[in-house]
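In what follows, a structure is listed as structure tokens, so that the remarks can point back to it.
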Amino acid sequence: MTKVLYNNNINEEVLQSKKIAIIGYGSQGHAHALNLKESGFDVVVGLRQGRSWDKAVEDGVDVKSVAEASQEADVIMILLPDEYQPSIYKDAIEPNLEAGNALVFAHGFNIHFNQIVPPADVDVFLVAPKGPGHLVRRTYEEGAGVPALYGIFQDATGQATDVALAYAKGIGAGRAGILQTTFQEETETDLFGEQAVLCGGTSALVKAGFETLVEAGYQPEVAYFECLHELKLIVDLLYEGGLENMRHSISDTAEWGDFMSGPRIVDEDTKARMKDVLSDIQTGKFAQGWILENQANRPRYSAIKTAESQHQIEKVGRELRELMPFVKQKAINKKEVVSN
Ligand code: NDP
Ligand code: MG
Ligand code: MG
């Protein structure tokens, strides 16, 4: 099995003498900044004036402009939305890099697809938590952590690995396990996971199941509970103990139906299309499409987003969740529940 590192394998001393700038204070940014600060490191947050700035001040962290924070820091973690990173990097971060600094990412996209090309005299590595930011924060507060991947792109100082591991320990990942990867592997597997399984695959499956029941004349409310709401219970069981644990908890009838019908839904053809999706990621076709879409101000993205929000499953869901205040409460901080 791949070597997994934990807190006792890691010496964080190398990071104690350094100043860390966290650029961005969204899902990941707030979690990294607060966890590192509480782990005893010197943290400054880099932002523009706005919602995140106010929140960071409220949380008691030191906040400066992106340029000032980058200038002051030795280790600069970029936790801005991936699409905006290249231009903010060019304007405010690159001019403030010094030889021996470390440039850090939580996702390999911009380095792997050459959207950011750092100078040769800085360390470049990634520390990518395998979970949404709100969990990185919540588990840390509970004394646990979210596992993370680290990977080195450029080791100008000879210390990149030590700094990366100390950083990962600082955000609490050493309590859960830290694995080595490369920018290529992290980028391609992350994009594939979210497209084929976690986000794209799941939402398409849920919608198709809902539509099938509604088109057959069943009540949309019943279809919503069956195909969307209950998914949480199933996912919790998967998370806790894998497929076997989930199948242990469901009825034998459900388990037999799983064995018989699951492979009829996701079959060899589906897998062939998964391979196409993976191939578009590997060749850079997906990345290029997304970069162009952003350059054109996202016309297709916006149109699809609007259409999706008007789907019947969303309308029914909004009504039903109104009646379940315990569910609604958790969705209030919308940004925090967005997985990546
Ligand atoms: P968010 O969208 O949650 O946060 C964005 C932050 O960037 C906000 O604080 C926002 O501030 C700030 N920002 C946006 N534009 C600017 C600007 N022009 N100048 C200054 N600040 C700006 O990002 P995520 O945390 O989702 O993603 C950050 C990185 O982490 C990405 O590389 C992503 O791939 C990676 N990642 C994310 C995961 C997740 O759970 N979300 C999981 C693993 C990796 P404002 O309020 O001012 O807009
Ligand atoms: Mg059932
Ligand atoms: Mg992602």
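One-based numbering, in listed order, for ligands and for the atoms of each.
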If the contact criterion is a heavy-atom separation under 4.0 Å, does [X] count as touching ligand 1?
X	answer
Gly50	no
Ala128	no
Ala92	no
Gln49	no

Identify whether the distance between the nearest side-chain nitrogen and carboxylate oxygen of [X] and [Y] falls below 4.0 Å.
X	Y	answer
Lys130	Glu186	yes
Arg137	Glu141	yes
Arg247	Glu255	no
Lys55	Asp59	yes

Classify the contact between [X] and ligand 1 as side chain, backbone, both or neither, using a heavy-atom distance cut-off of under 4.0 Å.
X	answer
Ile23	neither
Lys130	neither
Pro129	backbone

Taking 4.0 angstrom as the limit and counting only heavy atoms of [X], give me the atoms of ligand 1 inside it, by number and element.
X	answer
Gln28	25 (O), 30 (O), 36 (N), 37 (C), 38 (C), 39 (C), 40 (O), 42 (C), 43 (C)
His107	32 (O), 34 (O)
Gly26	3 (O), 4 (O), 6 (C), 8 (C), 9 (O)
Ser52	8 (C), 9 (O), 10 (C), 11 (O), 45 (P), 46 (O)
Pro81	2 (O), 5 (C), 7 (O), 14 (C)

>> Just verifying a value: how many Å separate Thr189 OG1 and Leu278 CG, rounded to the nearest 0.5 Å?
In response: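 Between Thr189 OG1 and Leu278 CG, I get 9.5 Å after rounding to 0.5 Å.
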
>> So, taking the atom named OG in Ser17 and the one named CG in Asp74, what distance separates them when rounded to the nearest 0.5 Å?
In response: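 Here the rounded value is 7.5 Å.
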
> Is it the case that Arg51 places NZ or CZ above or below the six-membered ring of Tyr25, under 6.0 angstrom from the centre and within 45 degrees of the axis?
Replying inline: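 Judged by the rule, Arg51 and Tyr25 form no cation-pi pair.
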
> For the Mg ion (ligand 3), what is the closest N, O or S atom on Glu194?
Replying inline: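 The nearest such atom is OE1.
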
> Any luck finding a side-chain donor-acceptor pair between Glu68 and Ser65 under 3.5 Å?
Replying inline: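 Checked: Glu68/Ser65 side chains pair up, N/O donor to acceptor below 3.5 Å.
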
>> Does ligand 1 come near enough to Gly133 that some N or O of the ligand is less than 3.5 Å from an N or O of the residue?
In response: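 By distance alone, the answer is yes.
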
> Got an N, O or S from Asp190 under 2.8 Å of the Mg ion (ligand 3)?
Replying inline: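 Coordinating: yes.
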
> Just wondering, do Gln28 and Pro129 contact through their side chains at under 4.5 Å, heavy atoms?
Replying inline: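 Yes, side chains in contact.
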
